[in-house]
**Q** 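The structure under discussion is supplied below as structure tokens; questions concerning it will follow.
Here is how names work: the chains are called A, B, and so on, in the same order as the sequence lines, proteins then strands, and each is numbered from 1.
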Amino acid sequence: MALLNIENLFVHYGLKTVLHNLSFTINAGEGWVIRGESGSGKTTLGKAISGQLRSTGQLKIDFNPQSPLPAEVLFVESWYRFTNLEGDRNFYYQQRYNHYQRKDTSTVAHELEQYGKEHSLSNARLEELLTTLNYHEVLDEQLFEISSGEHKKLQLVKALWLQPQLLIIDQPYTGLDVRSRANLNTLLNQYTTAGGALLLISNDMELPECGTHFITLEAGRIVPADKALYLKEQIAKPLPTFLLSPPQYTSQDIISMHDVAVRYDEKYVLSDIHWQVKAGERWLLQGPNGSGKSTLLSLITADHPQAYANHITLFGVKRGDGESIWDIKKRIGLISPELHWYFDANATVSQSLASGFFDSNGQYQKLRYAQKQQLEELLKFLNLFDVRNELLTTLPLGKQRLALLGRTIIKNPQLLVLDEPCQGLDHQQTRYFNHLVDTISKNGVTIIYVGHFESQLPACLTHKLVLAQGKMVVNESY
Amino acid sequence: MANYFNTLPLREQLNQLGVAEFMSNDEFADGVDALKGKKIVIVGCGAQGLNQGLNLRDSGLDISYALRKEAIEQKRDSWKNATDNNFKVGTYDELIPTADLVINLTPDKQHTSVINAVMPLMKQGATLSYSHGFNIVEEGMQIRKDITVIMVAPKCPGSEVRAEYVRGFGVPTLIAVHPENDPEGKGFDQAKAYCVGTGGHRAGVLNSSFVAEVKSDLMGEQTILCGLLQTGSILSFDKMIEKGIDAGYASKLVQYGVEVVTEALKHGGVTGMMDRLSNPAKIKAYKVAEELKQIMRPLFQKHQDDIMSGTFSRVMMEDWANGDANLLKWRAETGETAFEKTPAGDVKIGDQEYFDNYTLMVAFIKAGVELAFETMVEAGIQPESAYYESLHETPLIANTIARKKLFEMNRVISDTAEYGCYLFDQACKPLLGDFMKTVDTDLVGKNYNEGKDGSVDNQELVEINEAIRNHPVEIVGRKLRKAMTAMKAIKTA
């Protein structure tokens with residue numbers, strides 16, 4: 001008997017029909033992959049199956065009472081949320097760099113312990129998962145201190161520990177480094193072999209061997225894979241004019257770090273960092289999850305208090321010489337998974353882009369005429385003009401990311417810090433964005449780009465820095 | 001030391017009480033210039049001390065921390081907070097003599113001993129800053145005449161001060177210069193620069209006075225903010241138990257209800273909060289609030305009178321001298337109430353249900369906010385100051401109750417607020433005895449609209465809506481909230 005049987009399934013949001021007449025059947029032990037461009041209904045389908053959204057038509061789940069796996073459906077969201085000990089989500093993304101003695105969230109270990117108790121799970125299995133995903137090191141950290149890739153792993157550890165009969169994972173690879181991806185695929189193969197039914201929502205190419213069935217969605221309908229819009233190349237538009245002029249450099253030395261170290265109590269997150277970035281250079285920054293990339297970038301974007309205790313010169317001015325963080329931020333366009341995570345939930349698409357002029361999280365100041373022009377040009381260029389008055393958080397994840405990318409370039413800054421900018425984007429969008437980066441780079445902007453996959457990088461990069469366990473292991477021309 | 005306020009002639013008392021000017025953005029055009037390159041030493045490194053220091057340093061100012069020798073030697077939390085974030089830390093002797101500006105961010109109760117230790121070390125012509133004026137106004141601390149004395153008081157908890165700053169915004173802030181200590185006339189410029197350094201200038205700044213700040217702050221915290229929330233919570237819980245509502249449900253409704261209800265207050269004032277109710281419930285809540293105001297007005301007036309005359313602070317300081325005997329006793333009693341001891345049940349209560357099933361609390365809050373505001377304004381405090389110390393702070397205190405009930409609220413607020421809160425609570429409960437006998441579960445515990453047909457009289461509704469919207473706290477509130485619309489919503493449970 002089929003585990004999941006879907007016939008003539010519809011989902012409506014108000015008057016809008018987001019899923020049209022879907023029919024398919026999934027059996028125990030099968031691996032399925034849902035593909036489609038951002039906004040095509042992938043996440044909606046996952047939520048409908050897990051019962052989080054109301055649907056019409058037939059959606060039948062027949063658990064196998066003989067299976068050793070628990071008779072449950074689990075939907076793992078692409079977006080991970082945690083709360084502090086008081087059930088509160090009032091965090092800001094720089095918080096993990098400030099040190100305050102009172103601890104507000106629980107530790108990773110405590111979180112897992114609670115989860116295991118709740119579901120009566122075996123600790124031996126947990127050990128196995130922690131080892132395979134190389135996750136022991138972060139167990140003692142506070143939830144808000146760990147990186148986005150480590151949060152993703154925490155979700156995966158929980159899901160694979162529970163091993164429900166039907167497991168749906170939205171964007172399983174987001175933020176994972178190359179090794180972690182391979183390890184995850186091994187675990188997913190084991191899961192289907194054990195009789196689990198797997199549904200991955202992903203446009204990734206490096207899928208597990210068990211992923212043998214595909215559904216491609218386009219505007220809420222199932223289409224044959226080769227006809228899918230997302231595979232078509234997007235026609236390149238001319239760049240907005242304001243992005244053609246070179247940035248106004250105040251110094252040829254953009255970043256200069258001498259013997260930089262960051263530590264919490266006795267634990268070093270970064271050490272022995274000697275790094276020079278000159279105007280117009282375009283760096284690739286790489287390293288496994290938890291190697292210190294985000295911390296290194298936070299020293300550059302003036303988000304880390306320990307910058308004051310180090311020899312760091314930014315844009316020709318030594319940190320701690322009386323400059324304000326806003327003097328530094330106005331020269332930088334930043335996007336990172338953390339910024340996205342904590343971004344103002346009340347901002348519209350338009351406000352989100354415009355806040356890039358002020359380096360604020362949400363827009364609190366009025367735009368001048370020229371800024372309004374620039375905003376409109378950029379919205380049109382990114383195909384976001386029609387949704388400019390929607391709340392950012394109501395767009396599909398990929399489109400949200402695109403809007404925040406717009407935020408980084410809106411003021412044509414001297415330095416672009418692009419920390420995994422394509423996380424959550426599909427292949428088409430990734431190619432499109434990287435093409436955009438290549439085009440913009442011709443005006444001489446300095447770039448630091450974090451990306452795990454060689455196949456998903458812009459072509460313009462000139463230098464490469466690789467971190468491992470907080471130290472530089474590669475520092476060379478690319 | 002004599003109570004400073006009581007040494008003033010009446011016209012000067014009224015003059016200082018009446019200072020409240022909402023400042024416009026362009027008054028902050030000079031940024032942090034007035035403090036640029038100056039040595040700023042913060043005394044104390046708790047939540048306010050650390051977070052304000054992080055902001056000021058990130059604004060390009062030179063910040064270090066002076067801590068007591070024992071705090072440094074024993075590596076206490078304050079020492080760790082400062083050193084972990086790479087601030088320079090030293091003893092009073094090492095750092096105070098170098099300071100152009102000393103910022104006192106220690107708890108109220110320590111002010112006298114801190115100032116007595118710090119003042120002799122301060123250099124000629126330096127500036128001393130407070131974030132609360134109790135020490136100057138009530139304790140009558142005399143500061144050396146060459147020293148400038150200012151106040152910069154962010155009207156939010158320290159963690160919020162930091163979170164809003166790094167988002168590129170700030171929290172509403174009150175600034176003041178002590179007229180007895182402004183020998184060079186530089187106090188106002190320095191207070192503005194300090195305010196810019198914390199980001200406060202982006203969220204609305206009130207130019208106030210030490211006197212206005214203290215007299216309104218004490219009044220607000222004793223009555224609506226802490227006292228009435230405590231009384232209302234306990235009476236509501238007890239009533240539900242008496243009427244047979246499930247204890248877990250009652251506990252949860254009371255613990256989280258005031259937070260959800262006051263979140264509406266934060267966004268849309270009393271009007272916004274009342275508009276969350278159905279029309280029949282709104283009319284009922286309005287009438288109940290009017291009744292409550294009539295019953296409680298003499299108590300609010302007594303608190304304001306005791307604050308103005310200095311009686312309150314004198315009695316409280318006697319308790320300080322007596323090793324906090326009363327405070328500790330009352331604190332223990334609060335920990336023993338049935339509400340405190342009943343854990344919140346594992347039931348889901350939706351956002352709207354908190355309004356529909358807890359209409360009594362809406363009435364309590366409307367009555368308390370309006371009474372506190374009216375009483376302050378009658379006593380010579382300006383509407384802007386009265387707004388900050390009544391309506392504005394209510395959601396912030398409600399937030400602490402949602403965390404860990406009244407015990408948490410009383411732990412987080414200052415000892416001064418806590419002392420006043422108990423005084424109010426003890427007097428208010430018996431005062432409301434007869435009123436509470438008339439309350440049934442439609443007002444607290446069950447949906448007010450249940451079993452009613454929802455009809456209302458048009459004319460009555462129009463009149464009540466108008467009365468709600470045109471209350472003076474709503475008029476000044478609309479203006480002040482506009483300046484802080486961008487503040488992130490306090491989360492709900």
**Q** Please name the pair of heavy atoms, one in Q306(A) and one in N86(B), separated by the smallest distance, quoted to 0.1 Å.
**A** CG-OD1, 2.7 Å

**Q** How many angstroms lie between CZ in R202(B) and OG in S360(A), if you round to the nearest 0.5 Å?
**A** 8.0 Å

**Q** With a cut-off of 6.0 Å (strictly less than), are more than 12 heavy atoms of other residues, nucleotides or ligands near NZ of K39(B)?
**A**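 12 or below, so no.
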
**Q** Please round to the nearest 0.5 Å and tell me the distance separating atom CZ of F169(B) and atom CZ of F358(A).
**A**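 Rounded to the nearest 0.5 Å, the CZ-CZ separation comes to 13.0 Å.
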
**Q** Please indicate whether F407(B) has more than 12 foreign heavy atoms, meaning atoms of other residues, nucleotides or ligands, lying under 6.0 Å from its CZ.
**A**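 Incorrect, the count does not exceed 12.
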
**Q** Around F28(B), counting heavy atoms of other residues, nucleotides and ligands shown, do more than 12 lie under 6.0 Å from its CZ?
**A** yes

**Q** Between D58(B) and chain A, which part of the residue has a heavy atom less than 4.5 Å away: side chain, backbone, both or neither?
**A**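 Contact with chain A: backbone and side chain both.
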
**Q** Count the heavy atoms of every other residue, nucleotide or ligand shown that sit under 6.0 Å from CG of D346(B), and state whether that count exceeds 12.
**A** no

**Q** How long is the span from the CZ atom in R167(B) to the CZ atom in F343(A), to the nearest 0.5 Å?
**A** 9.0 Å

**Q** Over all heavy atoms of both residues, which pair between Y165(B) and I325(A) is shortest? Give the atoms and the distance, please.
**A** CE2-CD1, 3.7 Å

